[in-house]
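Right, one structure below, let's go through it.
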Amino acid sequence: MLGIDPGTAVTGYGVVDPANGRPGRLVECGVIRTNPRQKLWERLQTLFDGITELIERHGPETLAVESIFYAKNVRTTVVLGQARGVILLAAARARLRVAEFAPATVKQSIVGRGAAGKNQVGYMVQQLLRLTQPPTPNDAADGVAVALTCLMRARLSR
């Protein structure tokens, strides 16, 4: 399972394998950073290449991604949509299943409340996966949380 917290500056990701009796086992997490001095299309290419490389390296069956939240700034929402577009394109090219979750759904699934803060999400990811510390930076913890949400919801639907 590859979980993605999309962004054009920083995109968090987490690769989690299902584990019997536990929410999962963390394989890898981190961030894909783009250069803020580059044009948007160059940043989107960096993001696409990074997601494609993760897919090739880990061979996930499913890519889980946070859906768009509606920011007060319309430009932020549009740019986030473009980032999600290249992430979804990478998933489509690899013929992956795609699951989308609203940010509040991810927080509700991991922390128990949809308005949880980033530190709370990181702490609960740490607890659920029995890690010695929360994944860093926060965007990486968010990517892991998206993957965990997908795994936990798949178990519930069975």
Side-chain angles (χ1 to χ4, degrees), residues 1-17 23-38 40-58 60 62-73 75-91 94 96 98-153:
M1 174 69 59
L2 173 58
I4 305 290
D5 176 34
T8 52
V10 179
T11 291
Y13 68 87
V15 180
V16 180
D17 279 341
R25 181 183 68 81
L26 181 63
V27 175
E28 178 184 339
C29 68
V31 295
I32 300 168
R33 293 186 190 278
T34 63
N35 184 341
R37 293 187 188 127
Q38 290 182 315
L40 178 60
W41 60 87
E42 294 169 316
R43 297 171 84 178
L44 293 173
Q45 179 69 55
T46 298
L47 179 56
F48 178 82
D49 291 345
I51 297 295
T52 299
E53 192 274 328
L54 286 168
I55 291 169
E56 290 172 355
R57 187 158 30 107
H58 293 288
T62 304
L63 182 142
V65 62
E66 272 194 356
S67 59
I68 292 179
F69 65 92
Y70 299 99
K72 290 179 184 176
N73 181 337
R75 185 181 187 296
T76 301
T77 302
V78 170
V79 171
L80 179 59
Q82 292 170 324
R84 287 186 75 256
V86 300
I87 292 164
L88 295 173
L89 176 60
L96 300 181
V98 173
E100 299 179 78
F101 300 98
T105 300
V106 173
K107 293 173 182 178
Q108 176 70 38
S109 299
I110 301 303
V111 178
R113 61 185 202 99
K118 287 193 172 282
N119 289 339
Q120 290 173 306
V121 172
Y123 174 78
M124 285 308 299
V125 165
Q126 174 189 359
Q127 297 306 305
L128 289 167
L129 295 177
R130 299 180 184 158
L131 305 173
T132 57
Q133 60 189 26
T136 56
N138 286 334
D139 298 293
D142 290 346
V144 175
V146 174
L148 284 172
T149 297
C150 191
L151 287 172
M152 292 187 301
R153 290 188 167 248

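Side-chain contact between Ile110 and Met152 is present, with at least one heavy-atom pair separated by less than 4.5 Å. By the 4.5 Å heavy-atom criterion applied to side chains, Asp142 and Val106 are not counted as neighbours. Side-chain contact between Glu56 and Thr52 is present, with heavy atoms from C-beta onward closer than 4.5 Å.
For Arg84 (side chain) and Glu66 (main-chain N/O), a donor-acceptor pair under 3.5 Å exists by modelled atom type. Proximity of a side-chain donor or acceptor of Thr34 to a complementary backbone N or O of Thr8 within less than 3.5 Å is detected.
Between atom CD of residue Glu53 and atom CD1 of residue Ile55 there is a gap of 10.0 Å, rounded to the nearest 0.5 Å. Atom CD in Gln126 sits 7.0 Å away from atom OG1 in Thr132 (nearest 0.5 Å). If you take CG on Asn138 and CG on Asp5, they are separated by 10.0 Å, rounding to the nearest 0.5 Å. Here CD of Glu100 is found 9.5 Å from CG of Leu63. Values are rounded to the nearest 0.5 Å. Considering CD1 of Ile68 and OG1 of Thr76, their distance stands at 11.5 Å, rounded to 0.5 Å.
Every pair passing salt bridge (charged side-chain N to carboxylate O under 4.0 Å, His left out) that includes a residue from residues 24-37 is listed here, sequence neighbours excluded: Asp17-Arg25, Glu28-Arg57.
Applying the 6.0 Å contact sphere to OH of Tyr123 captures no more than 12 heavy atoms from other residues, nucleotides or ligands.
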